[in-house]
S.K.: 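Quick one: this structure, given as structure tokens, is what I'll be asking you about.
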Amino acid sequence: MNDGFLPVSKADMEKNGIEQLDFVLVTGDAYVDHPSFAHAIISRYLAAHGYSVGIIAQPSWKSFGDFKRLGRPRLGFLISAGNMDSMVNLYSVTKHRRAKDMYSPGGKTGKRPERSTVVYAKRIREAYGNVPVIIGGIEASLRRFAHYDYWDNEVKPSILIESGADILVYGMGERPIIEIAEALDGGLAAQDITYVEGTSYFTPTLERVYEYMELPSFRQVRADKKVYAQAFMTEMRNRKEALVQKHEKGFVVQNVPSKPLDQKELDFVYSLPYMRAAHPMYQKPIPALDEVKFSVTATRGCIGACAFCALFYHQGKDVAWRSIKSVVDEIKQLTLDTEFKGYIHDVGGPTANFYGVTCTNPKGRCTARRCLTPEKCRYLKENHAEYVRLLRKVRTVNGVKKVFVRSGIRYDYALLDKSGEFVKELAVHHVSGQLKLAPEHVSPDVLKLMGKPEIEKYQRFCQKFAAASKRAGKKQYVLPYFMSSHPGSTMMDAVRLAEFIRDTGFMPEQAQDFYPTPGTLATCMYYTGLDPETGKKVYVAKSTEEKSMQRALIQYKNPKNHRIVKKALRKAERDDLIGNGKKKLVRD
């Protein structure tokens, strides 16, 4: 075994002279010691602060035996379902079992249970009774309050209640986990660690909770969709005080969010001694690692606030970015890998070109409005110069042949770069043939609900990119992604999208159907039929047939879709698009 990996067995502990671990981290993903995997960051961060950590990856959950593999930890168990929500990992939007798990050896499925966080926590309780249990990661973070569950089609209580965990860490967990570790190490009981920012906990009474805002109770949001929508908006927007929600036997309390890491701290996180590989106990590769092994995370957070994305609710819109030196140092390390072929697959984050963006609001970044739509906030300071400097620097690293930018590009933000340098750099150096962008839709009403810019801005960006590519002597084009059945999208809107695709002459190879996942504004719309920001009714396509129709319209040229496309057009009373001719979508 490579000594650089953290312990995964008693033999590893003995080899490293560890009688009892401080923490045992249980994850639903295979053990990959790479900074793109949350379990690697948290375990390495704790280790860097002097705590010993062992990893139990993808344990057998049918009994509690596997959870005793490393013994009882001195301070507690840490649980994460993995880089993805376990239900999204297991099921497609049509609620069919997926054929592949990108975070398991060889892509094999069956390595994790449904609702992994809850299952793991219960098994640990069976094994060790009152041992401290701390849950985190995206699955826990997005379920910290009562929430709509798409798979069971009901409102469920906080995951704190269902799991029986002592503490829930939401958002990015480095700051909270060290505070929790120090408190436990100092002898404080897990139930008394109620003050850490970026955490939630359960309490039978509110006697020791001060300065809070109370949300409608679990019973109330479950009974009334309008109340659910109002509660969700409060959860999204309130970042200044604690939030409290009553459940059957007490209260879930959310402390204010943890402050984002500053640049020095973020640089430190990515300088830790990751092995940048899957543990050698695996005989087959981990597909998700292949996707990111030669990619570099340069930013965290996202000001985009797209309604269908959980990043705002999870990471927040405070964008933090690493120093150029930190990114360059990591790329230099990547070039030493024997598998490195000279290509950096990405330098970005949730949205690549937000690197360097700042908010000049003297009161701090607000949560009451979006930064870019419907128009740019006056406090938002555009800055593409820093990202261009970064890209120019990483291209010069010895051994690097080409650096791609494959993270999301926010094209309305890119248009704010009056110098045009970013689009020029992108076209000349960082794209090979095609640039993937996500306009998502064309209907103004749908785009507004999505929090996406109007389609005219997408078209303007495409023109600029095409012109820059032409000047560089390159034949390159934009590959757009569209989403069907997003709340607000009627059949007429879906037809309008199909007409846009027809007129641009581009046929998408795939169509993305809206997936209602916990913690997103769009999921709240899907469940309630309301826009929680305005209280107005929103059309929602829920039937399997209509969702199939909207999806098929995006790929209307596919012969397999002709029958359902005709049915969709007739339902939308657009028979004029059936027949022969360039403007027709399908033959009669």
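In this text the structure is predicted, and so the values were computed from the model without any measurement. Position 1 is the first residue of the sequence, and the numbers go up from there.
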S.K.: Go through the steps for Arg143 and Glu162 under the test salt bridge (charged side-chain N to carboxylate O under 4.0 Å, His left out), then give the verdict.
M.R.: CA-CA 10 Å; Arg143 290 170 164 79; Glu162 293 199 308; over 6 Å; no
S.K.: Test Glu174 against every option in Arg300, Lys259, Arg44 by the salt bridge (Lys or Arg N to Asp or Glu O under 4.0 Å) rule and name the one that passes.
M.R.: Arg300
S.K.: Under the side-chain contact (heavy atoms from CB on, under 4.5 Å) criterion, do Ile303 and Leu380 qualify, and how do the steps go?
M.R.: CA-CA 10 Å; Ile303 59 171; Leu380 183 70; 3.8 Å; yes
S.K.: Is the Tyr31-Phe37 ring centre distance short of 6.0 angstrom?
M.R.: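 For Tyr31 and Phe37, the ring centres are not under 6.0 Å apart.
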S.K.: Could you tell me the separation between the CD atom of Glu386 and the CG atom of Asn353, rounded to the nearest 0.5 Å?
M.R.: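 With rounding to 0.5 Å, CD (Glu386) is 14.0 Å from CG (Asn353).
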S.K.: Could you tell me whether Glu114 and Arg97 make a salt bridge, using a distance below 4.0 angstrom between a side-chain N and a carboxylate O?
M.R.: yes
S.K.: Does His147 reach the main-chain N or O of Phe145 with its side chain, forming a donor-acceptor pair under 3.5 Å?
M.R.: yes
S.K.: Can you tell me if Ser323 and Gln263 form a side-chain donor-acceptor pair at under 3.5 Å?
M.R.: no
S.K.: Take Ser295 and His345 through the test side chain to side chain donor-acceptor pair (under 3.5 Å) and record every step on the way to the result.
M.R.: CA-CA 5 Å; Ser295 296; His345 297 159; 4.7 Å; no
S.K.: Cation-pi check for Tyr170 against Arg144: NZ or CZ below 6.0 Å from the six-membered ring centre and within 45 degrees of the axis, yes or no?
M.R.: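 Yes, cation above the ring, under 6.0 Å and within 45°.
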S.K.: Let me confirm one number: the CZ-CD1 distance from Phe202 to Ile161, rounded to the nearest 0.5 Å.
M.R.: 4.5 Å
S.K.: Less than 4.0 Å between a side-chain N and a carboxylate O, is that true for Asp149 and Arg115?
M.R.: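 Salt bridge between Arg115 and Asp149, a charged N being under 4.0 Å from a carboxylate O: yes.
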S.K.: Report yes if the distance between the aromatic ring centroids of Phe5 and His279 is under 6.0 Å, otherwise no.
M.R.: yes
S.K.: Is the cationic atom of Arg410 (NZ for Lys, CZ for Arg) positioned less than 6.0 Å from the six-membered ring centroid of Tyr413 and within 45 degrees of its normal?
M.R.: no
S.K.: Any side-chain to backbone donor/acceptor pair from Asp29 onto Asn83? Under 3.5 Å, distance only.
M.R.: yes
S.K.: Asp101 and salt bridge (Lys or Arg N to Asp or Glu O under 4.0 Å): which partner among Lys111, Arg112, Lys108?
M.R.: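 Among the candidates, only Arg112 passes.
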S.K.: Are the side chain of Ser80 and the backbone N or O of His39 linked by a donor-acceptor pair below 3.5 Å?
M.R.: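 No.
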S.K.: So do Gln315 and Met172 actually touch side chain to side chain, heavy atoms under 4.5 Å?
M.R.: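 The answer is yes; the side chains approach within 4.5 Å.
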S.K.: Could you tell me whether Asp12 and Lys15 make a salt bridge, using a distance below 4.0 angstrom between a side-chain N and a carboxylate O?
M.R.: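 Between Lys15 and Asp12 there is no salt bridge, as every charged N stays at least 4.0 Å from the carboxylate O atoms.
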S.K.: Under 4.5 Å between any side-chain heavy atoms of Gln333 and Arg276, yes or no?
M.R.: yes
S.K.: Is the charged tip of Lys122 near the ring of Tyr120: under 6.0 Å from the six-membered ring centre and within 45° of its axis?
M.R.: no
S.K.: Check the side chains of Asp22 and Ser52 for a donor-acceptor pair under 3.5 angstrom, ignoring hydrogens and angles.
M.R.: yes
S.K.: Quick check against the 3.5 Å criterion: does Arg125 have a side-chain atom that pairs as donor or acceptor with the backbone of Val131?
M.R.: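 Present.
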S.K.: Is it the case that His430 and Arg406 place a side-chain donor and acceptor less than 3.5 Å from each other?
M.R.: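 Side chains of His430 and Arg406: no pair found under 3.5 Å.
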S.K.: Assess the residue pair Arg175 and Glu265 against the criterion (salt bridge (charged side-chain N to carboxylate O under 4.0 Å, His left out)); give the C-alpha distance rounded to whole Å, side-chain angles, the decisive distance to 0.1 Å, and a yes or no.
M.R.: CA-CA 10 Å; Arg175 285 189 192 278; Glu265 292 168 323; 2.6 Å; yes
S.K.: Between Asp185 and Arg74, is any pair of side-chain heavy atoms under 4.5 Å apart?
M.R.: yes
S.K.: Does the gap between the ring centers of Tyr343 and Phe294 come in under 6.0 Å?
M.R.: no
S.K.: Are the side chains of Tyr515 and Tyr150 in contact, using a 4.5 Å heavy-atom criterion?
M.R.: yes
S.K.: For His49 together with Tyr45, are the ring centres under 6.0 Å from each other?
M.R.: yes
S.K.: Take Asp346 and Ser407, measure what side chain to side chain donor-acceptor pair (under 3.5 Å) needs, and give me the verdict at the end.
M.R.: CA-CA 7 Å; Asp346 188 29; Ser407 298; 2.3 Å; yes
S.K.: Among side-chain atoms of Ser104 and Gln58, is any donor-acceptor pair under 3.5 angstrom?
M.R.: yes
S.K.: Just so I know, are the side chains of Tyr355 and Ile324 near enough to count as touching, which here means a heavy-atom distance under 4.5 Å?
M.R.: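 Yes, close enough: below the 4.5 Å cut-off.
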S.K.: Aromatic contact between Phe77 and Tyr128, with the criterion being ring centroids under 6.0 Å apart: yes or no?
M.R.: yes
S.K.: Taking Thr234's backbone N and O only, do any of them form a donor-acceptor pair with Asn238's side chain (distance below 3.5 Å, no angle check)?
M.R.: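 Judged by distance alone, no pair lies under 3.5 Å.
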S.K.: Could you label the plane-to-plane angle of the Tyr387 and Phe422 rings as parallel, tilted or perpendicular, counting under 30° as parallel and over 60° as perpendicular?
M.R.: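 Ring orientation, 0 to 90° scale: tilted.
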